[in-house]
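The block underneath contains the structure these notes are about, expressed in structure tokens.
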Number of protein chains: 2
Amino acid sequence: MSRKTFQRLSLDDRRRSLMEATLTCVARHGLHGATVRRITEEAGVTVGLVRHYFGNKDDMIRNAYAYLVGQLTAQASESAKHTVAAPETQLARFLRANMTTPNMSEEKVSLWATFIGRVRHDADFAEIHRDGYREFLNVLETLIEPVLINHQRPHSIAACKRHAIALNGLIDGLWMEGALNSGLYGQDILPDLVIEASERLLGIPSGVLANAQPSQQPQSEVS
Amino acid sequence: MSRKTFQRLSLDDRRRSLMEATLTCVARHGLHGATVRRITEEAGVTVGLVRHYFGNKDDMIRNAYAYLVGQLTAQASESAKHTVAAPETQLARFLRANMTTPNMSEEKVSLWATFIGRVRHDADFAEIHRDGYREFLNVLETLIEPVLINHQRPHSIAACKRHAIALNGLIDGLWMEGALNSGLYGQDILPDLVIEASERLLGIPSGVLANAQPSQQPQSEVS
DNA sequence: CCAGTTATTATACAATTGATTAATTACAAA
DNA sequence: TTTGTAATTAATCAATTGTATAATAACTGG
């Protein structure tokens, strides 16, 4: 008899709510288990809204993926540019952020991997991935260059890009394996491990990143 | 009313055929698009065989994942232990193998990523992944230790493991991003990039891995 | 060549899927 | 308050899903 009471949300709010419910369901049940009914139930609405806001399920999932990548890259660049600090500090903080929660979470890695599997056959997924990857590389290059300069290392655009590619590979790989936590080692070793490995990859003296001032005062140690 | 003619295969052959068809379909259509009908059609049989050989679809997929991981680790250790050569040569060959076809293929990366998304919620998937990861780390440790010794670097078990974790992260990350080929750079730069990065990570002189004698005879500049 | 075993096919079935439509009702504007 | 708009619900639909069962035929051992 009585219909379900509901609330009319703005277009942006409802779309975001549905995209977040989509990500929750994909993380929890995989792509094949993220059905329209489960997603809308998670969002607290009925199935008709999918058509109303996204046209169909596939488009909703595509939008949810773009939303996820946007979150990941946003928090990446944010943790980098957040404060004014020495380049070494900024880079060190960025590296640590990617090896600790909330950035390194099992749920995000699972989501990321699940969607990566679709990049190959869906042009929209491929574009979303490429944009996110490019953004991540750009952030890394921006962080790396001043550190190289400070320590008299080659810092051409090509050199910076090459370093960014290597560092991104290192971060991606450890981010994934670390979050999955296979139990072969503790995740707590990863921040220091990444810092040390990055020092070696960049060819800068040991300790430059490890001992960088955490956040407060930029070290005026350039001479 | 002619029935389909068929061939009776041995248990192992039929199971392998079904697992390979499963991987093909998952790579092509994703987990949600890998239906029993598509898989069995790919394998050239009818749907009833899934129940007969695996009980149900989920078990077939689990077995296919284990089959994939077995392939990946097998070709990894094989490319390492293939010939008797200097430790530097063996490590260099292993690194290059992971940055070139057939190891670095878009299909394998897509498959790998798709399944990784399930590790979190399925204990069987988690175990399969952990075993493969452990095997990969072991191979790396075995390859790294003699190289460290040859160049008077610290080579305790702990140090080797630490280096293996970092190198594995680097390889995993570049293997993924490289295979997906976002177009931001050419995949052909990756073998040399990985070699150079590994030299730095291990703290061995530049060129030790890059100039290691390949198995056959290409580089004529060292005569 | 024949009989027995069982791998394999063919078909059926209930459940679930994504999509669509018409009926409601929340909310803003007047 | 009243009215108009459109966000949302509820119900229906055909198609597809995984599973189950009986009929068939390929192969093996005698």
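We name chains A, B, ... by the order of the sequence lines, and we start the count at 1 in each one. Here the structure is a predicted model, which is why all the values come from computation and not from measurement.
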Does a distance-only test, which skips hydrogens and angles, find a donor-acceptor pair under 3.5 Å between the side chain of Arg3(A) and the base of dT25(C)?
-> no
Pairing residues for Asp13(A) by the salt bridge (Lys or Arg N to Asp or Glu O under 4.0 Å) criterion, not counting sequence neighbours | Arg16(A)
Output all residues satisfying salt bridge (Lys or Arg N to Asp or Glu O under 4.0 Å) with Arg28(A), sequence neighbours left out; order by chain, then residue number.
->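 Salt bridge (Lys or Arg N to Asp or Glu O under 4.0 Å) check on Arg28(A) returns Glu42(A).
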Just how far, in rounded Å, is [atom2] of [N] from [atom1] of [X]?
| X | N | atom1 | atom2 | result |
| --- | --- | --- | --- | --- |
| His52(B) | dT24(D) | NE2 | P | 18 Å |
| Glu41(A) | dA10(D) | CD | P | 13 Å |
| Phe6(B) | dA26(D) | CZ | P | 5 Å |
| Lys4(B) | dA7(C) | NZ | P | 17 Å |
| Phe54(A) | dG18(C) | CZ | C1' | 16 Å |
| Gln7(B) | dC27(D) | CD | C1' | 10 Å |

For [range], which residue pairs qualify under salt bridge (Lys or Arg N to Asp or Glu O under 4.0 Å), counting only residues two or more places apart or in two chains?
| range | value |
| --- | --- |
| residues 67-76 of chain B | none |
| residues 159-170 of chain B | Glu196(A)-Arg162(B) |
| residues 47-65 of chain B | Asp59(B)-Arg62(B), Arg62(B)-Asp122(B), Arg62(B)-Asp124(B) |

Under the 6.0 Å and 45° cation-pi test, does Arg118(B) pair with Phe125(B)?
-> yes
Check for a donor-acceptor pair, side chain of [X] on one end and backbone N or O of [Y] on the other, with a separation under 3.5 Å.
| X | Y | value |
| --- | --- | --- |
| His163(B) | Ile144(B) | no |
| His29(A) | Thr24(A) | no |
| Arg38(A) | Cys25(A) | no |

Please report, to 0.1 Å, the donor-acceptor pairs under 3.5 Å made by any side chain of residues 64-73 of chain A, with sequence neighbours excluded.
unit_1: Tyr67(A); atom_1: OH; unit_2: Glu20(A); atom_2: OE2; d: 2.6
unit_1: Thr73(A); atom_1: OG1; unit_2: Val69(A); atom_2: O; d: 3.1
unit_1: Thr73(A); atom_1: OG1; unit_2: Gly70(A); atom_2: O; d: 3.2

Listed by chain and number, what are the side-chain contact (heavy atoms from CB on, under 4.5 Å) partners of Glu145(B), not counting sequence neighbours?
->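 Per chain and number, Glu145(B) pairs via side-chain contact (heavy atoms from CB on, under 4.5 Å) with Ile149(B), Cys160(B).
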Using a cut-off of strictly less than 4.0 Å between a heavy atom of the residue and any atom of DNA chain D, enumerate the qualifying residues of residues 117-127 of chain A by number.
->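 Of all residues in residues 117-127 of chain A, none places a heavy atom under 4.0 Å from DNA chain D.
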Quick note, Tyr53(B) side chain, CB onward, closest among dA7(C), dT9(D), dA10(C) is dA7(C)
Side-chain donor-acceptor distances from residues 164-185 of chain A under 3.5 Å, at least two apart:
unit_1: Trp175(A); atom_1: NE1; unit_2: Asn103(A); atom_2: O; d: 3.0
unit_1: Glu177(A); atom_1: OE1; unit_2: His129(B); atom_2: NE2; d: 3.2
unit_1: Tyr185(A); atom_1: OH; unit_2: Tyr133(B); atom_2: OH; d: 2.8

Proximity to DNA chain C (any heavy atom under 4.0 Å), residues of residues 8-25 of chain B only |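 Output list: Arg8(B), Leu9(B), Arg14(B).
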Heavy-atom count around Ile157(B) CD1 within 6.0 Å, excluding the residue itself: above 12?
->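 No, not enclosed.
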Using the 3.5 Å cut-off, write out each protein N or O paired with an N or O of nucleotides 13-19 of chain D and the distance between them.
unit_1: dG18(D); atom_1: OP1; unit_2: Lys57(B); atom_2: NZ; d: 2.4
unit_1: dG18(D); atom_1: OP2; unit_2: Val36(B); atom_2: N; d: 2.9
unit_1: dG18(D); atom_1: N7; unit_2: Arg37(B); atom_2: NH1; d: 2.8
unit_1: dG18(D); atom_1: O6; unit_2: Arg37(B); atom_2: NH2; d: 2.8
unit_1: dT19(D); atom_1: OP2; unit_2: Lys57(B); atom_2: N; d: 3.0

Pairs under 3.5 angstrom, nitrogen or oxygen only, protein versus nucleotides 28-30 of chain C, please.
none

